2 protein chains.
Amino acid sequence: MNKDCPVTLEACMGMIRPVRDALDVLSGKWKIPILISLSFGNKRFGQMTRDIPKITDRMLSKELRDLEVNGLVQRRVHDSVPVFVEYSLTEYGHSLDKVIHELRDWGVKHRERYAEPDKVY
Amino acid sequence: MNKDCPVTLEACMGMIRPVRDALDVLSGKWKIPILISLSFGNKRFGQMTRDIPKITDRMLSKELRDLEVNGLVQRRVHDSVPVFVEYSLTEYGHSLDKVIHELRDWGVKHRERYAEPDKVY
DNA sequence: ATTATCACTATACATTAGTATAGTACTTAC
DNA sequence: GTAAGTACTATACTAATGTATAGTGATAAT
């Protein structure tokens, strides 16, 4: 029984759809690291390249633009000399705090479970 | 001040590392949909291909194996005739419930914000 | 004078992820 | 006997993602 139950199918899609939406916004290797970096305070471009190990300028630039388009990050140019560009999390960006927190918690437990002491970052 | 503060750098990595671990396990377009499908009850292969729109047999097979290797999914072969293979979430698989729940909640809010009524799945 | 920092962009390439299509070997229903 | 379902695997391809390397034009420090 319950083979292809339409209620289950509906419920299933009701979960899958929004989870996909969320993961689309966060997709790629660098978006969450960038959000984490900004969660510790407003940052400049160069500072973030140092915060996030192994990220290239190209990736940081590209991903910051994506995040800006999605309203998670704000880019402010101060017209001092030399120019000074400041990135910060928007309020909307902060709405991801809980998601990131849960991911971190699970990741910590997972790491304890399958300890990989030789993995390098 | 606070340029390249080592405490911030350390804290930053303390977040990034486990979040990456988590996302490594959940990476790709299909793993979370598969976990969601199984969260509604044990399933057979063919049933899951119908649960998860557009997934191909190859992807389902491959991702199920990945999830099995990571201990999130259990595969049980019942030696009836014809064979009957049953997939289920392990207890460890269920430990992702909160993560998936948060992703869904955020995805729902995001969808409300940028309503995309024409997007098809 | 040379080097470094600032915030990037451009080009080319490599790797990874996902898709399309077909096929296996068996069984059951029409 | 034909089609459909069972649970997959194989091969070949495309698309998406990420990397490597270099360069810009301004300023500022050594």
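What you see is a predicted model; the values in this text were computed from it and never measured. Throughout, protein chains are lettered first and strands after them, A, B, ... in sequence-line order, and every chain is numbered starting at 1.
As rounded to whole Å, 14 Å separates atom C1' of C/dA4 from atom CZ of A/R44. In this structure, NZ of A/K43 is placed 16 Å from P of C/dC8, rounded to the nearest angstrom. The CG-P distance, from A/L60 to C/dC8, rounds to 9 Å in whole Å. Atom CD of B/Q47 is separated from atom P of D/dC8 by 14 Å (rounded to the nearest Å). Regarding B/D57, its CG atom lies at a distance of 15 Å from the P atom of C/dG23, rounded to whole Å. The distance between atom CZ of B/R75 and atom P of D/dA7, rounded to the nearest whole Å, is 10 Å. Counting to the nearest Å, the P atom of C/dC8 and the CZ atom of A/R50 are 14 Å from each other. Between B/M48 atom CE and D/dC8 atom P there is a gap of 11 Å when expressed in whole angstrom units.
No chain of hydrophobic side-chain contacts below 4.5 Å, direct or via other Ile, Leu, Val, Met, Phe, Trp or Tyr residues, connects A/L96 to B/V108.
Geometric assessment of A/R44 against the ring of A/Y87 yields a negative cation-pi assignment under the 6.0 Å and 45° thresholds.
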What pairs of nitrogen or oxygen atoms, one from the protein and one from nucleotides 16-21 of chain D, lie under 3.5 Å apart?
| unit_1 | atom_1 | unit_2 | atom_2 | d |
| --- | --- | --- | --- | --- |
| D/dG18 | OP1 | A/K29 | N | 2.5 |
| D/dT19 | OP1 | A/K29 | NZ | 3.0 |
| D/dT19 | OP2 | A/W30 | NE1 | 3.2 |
| D/dT19 | O4 | A/R58 | NE | 3.2 |
| D/dT19 | O4 | A/R58 | NH1 | 3.3 |

Scan nucleotides 24-30 of chain C against the protein and return all N/O pairs shorter than 3.5 Å with their distances rounded to 0.1 Å.
none

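Of the side-chain N and O atoms in B/S61, none sit less than 4.0 angstrom from OP1 or OP2 of D/dC8. Checking the phosphate oxygens (OP1, OP2) of C/dC6, no side-chain nitrogen or oxygen of A/Y87 falls inside 4.0 Å.
Expressed to the nearest 0.5 Å, how far OG1 of A/T90 lies from CZ of A/R75 amounts to 15.5 Å. Distance check: A/K31 NZ to A/L23 CG gives 11.0 Å after rounding to the nearest 0.5 Å.
Here B/R58 pairs with nothing under the side chain to side chain donor-acceptor pair (under 3.5 Å) rule; sequence neighbours left out. In this structure, the side chain to side chain donor-acceptor pair (under 3.5 Å) partners of A/S95, at least two apart in sequence or on a different chain, are B/W106.
Evaluation of the ring-ring contact (aromatic ring centres under 6.0 Å, His included) test over residues 41-80 of chain B, restricted to residues two or more places apart or in two chains, returns B/H78-B/F84.
No donor-acceptor pair closer than 3.5 Å links the side chain of A/K98 to the backbone N or O of B/E102.
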Determine all donor-acceptor pairs shorter than 3.5 Å in which one atom belongs to a side chain in residues 61-72 of chain A; sequence neighbours excluded.
| unit_1 | atom_1 | unit_2 | atom_2 | d |
| --- | --- | --- | --- | --- |
| A/S61 | OG | A/R65 | NH2 | 3.2 |
| A/N70 | ND2 | A/D66 | O | 3.3 |

